[in-house]
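The sequence lines fix the lettering, A, B, ..., with proteins before strands; numbering per chain opens at 1.
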Amino acid sequence: MNPNPAEDNSRCSLLSRFVIPCGVGVFVFFTLFLTYYSSWYVENRMLHFILTDIVGALYGFYLLFHALILYPIFYFRGAALHERISGTFLITSCWLIKEVIRMTEFFSIAESIFYLLMSVQAGIILLSIGLMAGSELVCRKIEKKKKSLDLRVVTPMPVFFALFAISGTAFVLRSGGLSYFFNFYDLYKMVFF
Amino acid sequence: MQVQRKRSSSNQGVSRMSLKNEPFNDNPITRRTALKAGAAALVAMGLPSFVSAAPEKKPPNILFILSDDHRWDAMSCMGHPVIKTPHMDRLAREGVLFSNAFVTTSLCSPSRASFLTGQYAHNHGVKNNLTPWDNNNVTFLELMKKAGYSTGFIGKWHMPGQFPDLRGLDKFVSFTADGGQGRYFNCPLIVDGKETPSKKEYITEELTDYANEFITDHKDDPFCLYLSHKAAHALFAPSAKFKHVYDGLDLPMPPESDSWVGLTNGNLFPSPFKQLYRNYLACLTELDHHIGSVLENLDELGIADNTIVVYAGDNGHFWGEHHLNDKRWHYEESIRIPFIVRYPGMISNPGRRAEQMVLNIDLAPTLLEMAGVAVPDNMDGKSIFPEIKSSHARGRDAWLYEYFKDYAYNVPEHKAVRTNRFKYVEFVGRRKPELYDLAEDPKEMKNLYGTPSGMSVLPGLKKKLEHLKQGETI
């Protein structure tokens, strides 16, 4: 991907362009996660349903589409490419790490890490990659229009990653996700049995 | 090969009775006694030949219908507020409904193997959806075949390992698509070892057609048919005809349920949950419709009275209870199944609800006993024929539940003892045990482990669990 022409690190400190957006992103993720879990124990049924349905929906939406929000924030604060990618992927990573930790209650560390290849996890990783690539293109377009810069919007790398994510997601979701699910099990048996 | 029957031949008894009354004595012969003696001689000569000419009663036909993920309360005869299951209700009305029926492992493959072999998962070896079926396992179908029955297996096999080499089958129709789960629509089949395209679009209808064909072909034999449906497993897909049967109706969901309850304990899973439940109920109603078709076929062929029909599910299903989806866990919603037996030729008080605890491992010994076939010693289950015949039969006091870890589901390996009143569960790993008083807390919301009331019953339950783990029967 092209370096962000908005990267003027002298204007935005590391704290402002990277650390704070990361912190806010992770805070929102854990707030939604903990609120959803806590709402299970709310005894008032009406409040229980409002909380679980609304917070559950927000939690799911945020996990799936956080790249659409976070990536542009990093971009327009002047974060470098590696900062934009690592900062955005931090949310997905938090969820994946939580999943691996949860799996270690029942399975070996190797099996728990292998679990990241399963449909839901693989799908979320691919979606993040695709949305980051898409966000990069949209941010460039906005940047070009806003600042009248001589900037190439469409370059091979974001297009490649967008296509990779789309084809990967299609592969995971074919026949309702069942084919990939059974491919995953076949691979698991080959590796661990 | 002849059907091995435990019942003694009836004509021997009749002959003995008629001979016993013959008037051989020293009394003077009068006209009356001469006529009596002559009549008796005629009867003595004629009756045996008459009796031997009468057709011997045919052994009962057996039809076992197994559904997938059908929880025990999703039938109208169980008081479900929405679902309509008129044909399952008919079975219950004309037979015995076991309202305390359970599986010993709440997972498709182990449970199916238990139905077939009469054994616990730790004995038949199919512990989860990954450990393979052992072709050395003996199924009740094999034993029925040896006893002279025509046998058929039609439907979902879905056990790990290679497609099985099942002995003693005259007809074997199954599928391997999607890891053996099959597909609701246009599912390719394997018919007697040969790949065969689907003839009907919808799997439940297709399997029903094969079953009706088998029954019609073997109506004059004693037959034993295992009809195992894909419905109503996820992805809960009814056909277009039934898809909208419950649209617009308000479905009561458990208090703990919400739109985001999933397999991964609060993590993301496709929802909306309520729509999945609606589709699940529609799949079951469609299954019920096709069960009606099989029952109608039995009626039309005139063999319903001499056919044992058993309907059961392979495990239950959570719809948000305990914040859970799927099955596997030891909670009641997961381990309870529908279990109905209809046999007009034997059940004298149809429409009865039996309260005794019965298990999936009881099916094989029960069917064998009802067919008069010897039950092998290595079966863990016990025949519930006494419970079918009488509400006064004493059921079991306790039984073992076992779940083995199944990658990649977040359910720990566990073992439990379930009595008529209590359930005590021990987990492998770092979870603390659970203990529930099912009489006081039927929804299992209050873990009594570590509480004073729990401690008072704990030693006895632990002892029972240890006995059951050793293979003892309680």
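For A:Y115 against B:A408, the heavy-atom pair with the smallest separation is CD1-CB, 3.5 Å.
In this structure, no portion of B:E413 lies under 4.5 Å from any heavy atom of chain A. In this structure, chain A has no heavy atom under 4.5 Å from any part of B:V428. Using a 4.5 Å cut-off between heavy atoms, A:F114 touches chain B through backbone and side chain atoms alike. For B:L130, the parts sitting under 4.5 Å from any heavy atom of chain A are the backbone and the side chain alike.
Within a 6.0 Å radius of NZ in B:K241, other residues, nucleotides and ligands contribute 12 heavy atoms or fewer. Under a cut-off of 6.0 angstrom, the local environment of CZ in A:F164 is sparse, with at most 12 non-hydrogen atoms contributed by other residues, nucleotides or ligands. By the 6.0 Å contact criterion, NZ on B:K446 is open, its count of non-hydrogen atoms from other residues, nucleotides or ligands being 12 or less. Other residues, nucleotides and ligands contribute more than 12 heavy atoms inside 6.0 Å of the CG atom of A:L15. Heavy atoms from other residues, nucleotides or ligands lying under 6.0 Å from NZ of B:K274 number more than 12. Atom CZ of A:F27 has 12 or fewer heavy atoms from other residues, nucleotides or ligands within 6.0 Å.
Side chain of B:H323 to main chain of A:Y37: no donor-acceptor pair is present (N/O by atom type, distance under 3.5 Å, no hydrogens or angles).
To the nearest 0.5 angstrom, B:R430 atom CZ is 5.0 Å from A:T104 atom OG1. The distance from atom OH of B:Y407 to atom CE of A:M103, rounded to the nearest 0.5 Å, is 5.0 Å.
Counting heavy atoms from C-beta on, the side chains of B:N129 and A:Y185 never come closer than 4.5 Å. A:F106 has its side chain within reach of B:N410: a pair of non-hydrogen atoms, C-beta onward, lies under 4.5 Å apart.
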